[in-house]
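Every chain is numbered from 1 and lettered A, B, ... according to where its sequence line falls, protein lines coming before strand lines. What you see below is based on every heavy atom in this structure, not just the backbone, and it leaves out hydrogens, waters and symmetry mates.
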Amino acid sequence: MNYWLIKSEPQVYSIEDLKRENTTIWDGVRNYQARNFLKQMQKGDLAFFYHSNCKPPGIVGLLEIVETNIIDPTQFEPKSPYFDAKSSINQPRWQTVKVQFKQIFPALICLNTLKNRFSPEELLVVKKGNRLSVVPVPENTAKMILNL
DNA sequence: GCCAACGTTGGC
DNA sequence: GCCAACGTTGGC
């Protein structure tokens, strides 16, 4: 079982949205490194939900990976902002996972707190300039976050 | 709004 | 394959 952290701008898709929908396909990732992490995810993995580009940014809750190796349907939708003309049905470029809501934390764990407690090695999201929207979280770090 | 830190594109 | 130009992310 592995732990991850996935980012979303709450004005685009928030943890409240996920709570309401219960499950969602995590579409729209168009970065190869992030996609490769999505490929590595396994059913039963847990991920922290991080709100980015908002005030204050931070971890707001937890979700579970419930289905893997899903072909991101938006890459084939010409009207979607995530449409990729260079992707083909036979060899889709973008794969993702289905996630399920687990919980909203009683208090947001803001980026400042995360920076104070963790080094960039322990938690990539505190690294300056990090823009990856999907990152792995080492087990020790994950357990510490869950105990905060 | 600014800008650092990327990733991508495309000419050569 | 190099690299300049450009676009995006996301904290501040």
Query raised in the report: Under the ring pair (Phe, Tyr, Trp, His ring centres under 6.0 Å) criterion, do A:W94 and A:Y32 qualify, and how do the steps go?
Result: CA-CA 8 Å; A:W94 306 106; A:Y32 289 104; 4.8 Å; yes

Query raised in the report: For A:Y13, does its backbone N or O pair with a side-chain atom of A:S8 as donor and acceptor, under 3.5 Å?
Result: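 Yes, the answer is positive, given that a donor and an acceptor are paired below the 3.5 Å cut-off.
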
Query raised in the report: Would you say the side-chain atoms of A:E67 pair up with the backbone N or O of A:K43, donor to acceptor, closer than 3.5 Å?
Result: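 Not confirmed, A:E67 side chain does not pair with A:K43 backbone.
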
**Report entry** A:W26 and A:F49 aromatic ring geometry - parallel, tilted or perpendicular at 30°/60° bounds
**Finding:**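 Perpendicular.
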
Report task. State, to the nearest 10°, the angle formed by the axis through the first five base pairs of the helix from B:dG1-C:dC12 to B:dC12-C:dG1 and the axis through its last five. Result ->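 Terminal axis comparison yields 10°.
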
Requested in this report: Pick base, sugar-phosphate or nothing for A:K115, based on heavy-atom distances below 4.0 Å to the nucleic acid.
Outcome: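 If one applies the 4.0 Å heavy-atom cut-off, A:K115 turns out to touch the sugar-phosphate alone, with no base involved.
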
Query raised in the report: With a 4.5 Å heavy-atom cut-off, do A:V66 and A:V99 have their side chains touching?
Result: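 Not touching, per the 4.5 Å side-chain cut-off.
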
Query - Contact boundaries on DNA chain B for chain A, cut-off under 4.0 Å to non-hydrogen atoms - result: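 For DNA chain B, the relevant span reads B:dA4 to B:dT8.
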
Query raised in the report: Does atom CD of A:Q40 have more than 12 heavy-atom neighbours, drawn from other residues, nucleotides or ligands, at distances under 6.0 Å?
Result: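 Result for CD/A:Q40: enclosed.
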
Report task. Would you kindly compare A:R131 and A:N53 by the position of their nearest DNA chain B nucleotide and give the one closer to the 5′ end? Result ->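 The residue whose closest nucleotide sits nearer the 5' end is A:N53.
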
Query raised in the report: If you measure only the distance, is there a donor-acceptor pair under 3.5 Å linking the side chains of A:R30 and A:T74?
Result: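 Short answer, yes.
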
Query - Partners passing side chain to side chain donor-acceptor pair (under 3.5 Å) against A:K143 (at least two apart in sequence or in another chain) - result: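 Side chain to side chain donor-acceptor pair (under 3.5 Å) check on A:K143 returns A:E139.
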
